[in-house]
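Numbering of residues begins at 1 and proceeds along the displayed sequence.
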Amino acid sequence: MAKKKILFINQEISPYVPDTNLSLMGKSVPQAMQERSHEIRTFMPKWGVINERRGQLHEVIRLSGMNLIIDDTDHPLIIKVASIQSARIQVYFIDNDDYFNKRQMEKDENGNDYSDNGERAIFFARGVLETVKKLRWVPDIIHCQGWMSAVIPLYVKTAYHDEPSFADTKVVTSLFAKSIDNGMGEDFKKCLEFRDAKEELLKDYNNNFDFDELGKLAIDYSDGVIASDPKVNPALLDYANAKNIPLLGYQEDFADAYETFYEKLFPEE
């Protein structure tokens with residue numbers, strides 16, 4: 001396929017967090033596409049469990065400093081960067097003291113979902129998109145991996161659809177096994193509002209935005225969907241099929257299959 005600029009928005013990336021299917025794919029997919037000569041950028045949250053000194057993270061001052069307003073509250077956006085030397089991948093981290101500093105990932109020390117996971121996902125999504133704009137880098141494809149990136153497709157197709165950085169971008173969502181138990185919070189729909197991403201667009205979704213409802217939201221605004229885990233809820237795959245959205249089933253040897261899937265999103269070429 002013609003070489004593309006691919007933006008990977010990952011919930012987890014190994015080795016910064018423990019190895020899971022999600023974190024391993026967060027590293028392996030960008031690495032595989034870069035090895036195939038595609039130009040990539042990679043983002044993830046700066047979870048509180050990440051050891052900044054061991055990972056050699058440092059703040060990018062020119063990209064930090066913006067405030068994002070969520071639920072009428074200002075939240076400073078901090079951007080950090082590090083490199084995975086073995087994979088030759090640079091990773092940008094979205095950080096904020098309230099949402100990530102001194103906190104676990106989606107669950108707290110007692111194994112309970114954080115009550116503000118919805119706001120954290122919104123902050124992460126908007127933080128990534130605003131940072132990509134600042135980089136003046138125009139992706140052909142945005143590939144979202146993990147529930148933390150599930151609101152990205154909605155924002156790209158509504159709130160950011162007129163932005164030159166994203167006007168012609170194709171969005172791919174990878175679905176994984178369920179990893180959170182509770183919803184995104186009772187005010188999630190209201191918090192999600194931004195520019196053309198209006199609350200009325202969410203009226204057909206359940207008020208309790210749980211893991212599966214997030215998956216449906218991501219599917220609805222994506223150009224393609226990939227089952228990246230053998231334990232994906234079959235109901236979500238059926239949902240994507242019913243919407244006639246291009247769907248790639250689980251692939252153990254994924255690299256060539258993913259590249260071919262990307263190519264099919266650009267039939268005019």
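More than 12 heavy atoms of other residues, nucleotides or ligands lie within 6.0 Å of CG in N112, so this atom counts as buried by the packing criterion. Around atom NZ of K134, more than 12 heavy atoms belonging to other residues, nucleotides or ligands sit under 6.0 Å away. Heavy atoms of other residues, nucleotides or ligands lying less than 6.0 angstrom from CD of Q90 number more than 12. Counting heavy atoms of neighbouring residues, nucleotides and ligands inside a 6.0 Å radius, atom NZ of K3 exceeds 12 of them. Counting non-hydrogen atoms of other residues, nucleotides and ligands closer than 6.0 Å to CD of E39 gives a total above 12. Counting non-hydrogen atoms of other residues, nucleotides and ligands closer than 6.0 Å to CG of N51 gives a total above 12.
Taking a cutoff of 4.0 Å between a charged side-chain nitrogen and a carboxylate oxygen, D97 and R103 do not qualify as a salt bridge. Using a cut-off of 4.0 Å between Lys/Arg side-chain N and Asp/Glu carboxylate O, K133 and E130 are scored as salt-bridged. For the pair R195 and D162, the salt-bridge criterion is not met [side-chain N within less than 4.0 Å of a carboxylate O]. K5 has no carboxylate O lying under 4.0 Å from a charged side-chain N of D140, or vice versa, which leaves the two without a salt bridge.
For K216 and Y239, the positive end sits near the middle of the six-membered ring, less than 6.0 Å away and at most 45° from its axis. No cation-pi contact links R41 to Y92, judged by a cut-off of 6.0 Å to the six-membered ring centre and 45° from its axis.
For the pair Q11/W47, a side-chain contact is recorded, criterion being any heavy-atom separation below 4.5 Å from C-beta on. Residues Y99 and H75 form a side-chain contact, since some pair of their non-hydrogen atoms from C-beta on lies under 4.5 Å apart.
Nearest approach of F209 to F188, heavy atoms of both residues: CG-CD2, 3.5 Å. In this structure, N208 and G183 approach most closely via the heavy-atom pair OD1-CA, 3.3 Å. Contact between S86 and K27 at its shortest, heavy atoms only, is OG-NZ, 3.7 Å.
Ring geometry for Y155 against Y160 counts as perpendicular: the plane angle is over 60°, on a 0 to 90° scale with 30° as the lower cut.
Side-chain atoms of N10 and Q145 form a donor-acceptor pair, as typed in the model, at a separation below 3.5 Å. Residues H58 and E52 bring no donor and acceptor atom of their side chains to less than 3.5 Å of each other. Judged by distance alone, the side chains of S222 and T173 do bring a donor and an acceptor atom under 3.5 Å apart.
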Between Y205 and D220, does a side chain to side chain donor-acceptor pair (under 3.5 Å) hold up when you go through it step by step? CA-CA 11 Å; Y205 299 95; D220 283 338; 2.4 Å; yes
Going through the checks in order, is the side chain to side chain donor-acceptor pair (under 3.5 Å) test met by T20 and E12? CA-CA 9 Å; T20 62; E12 302 173 18; 3.1 Å; yes
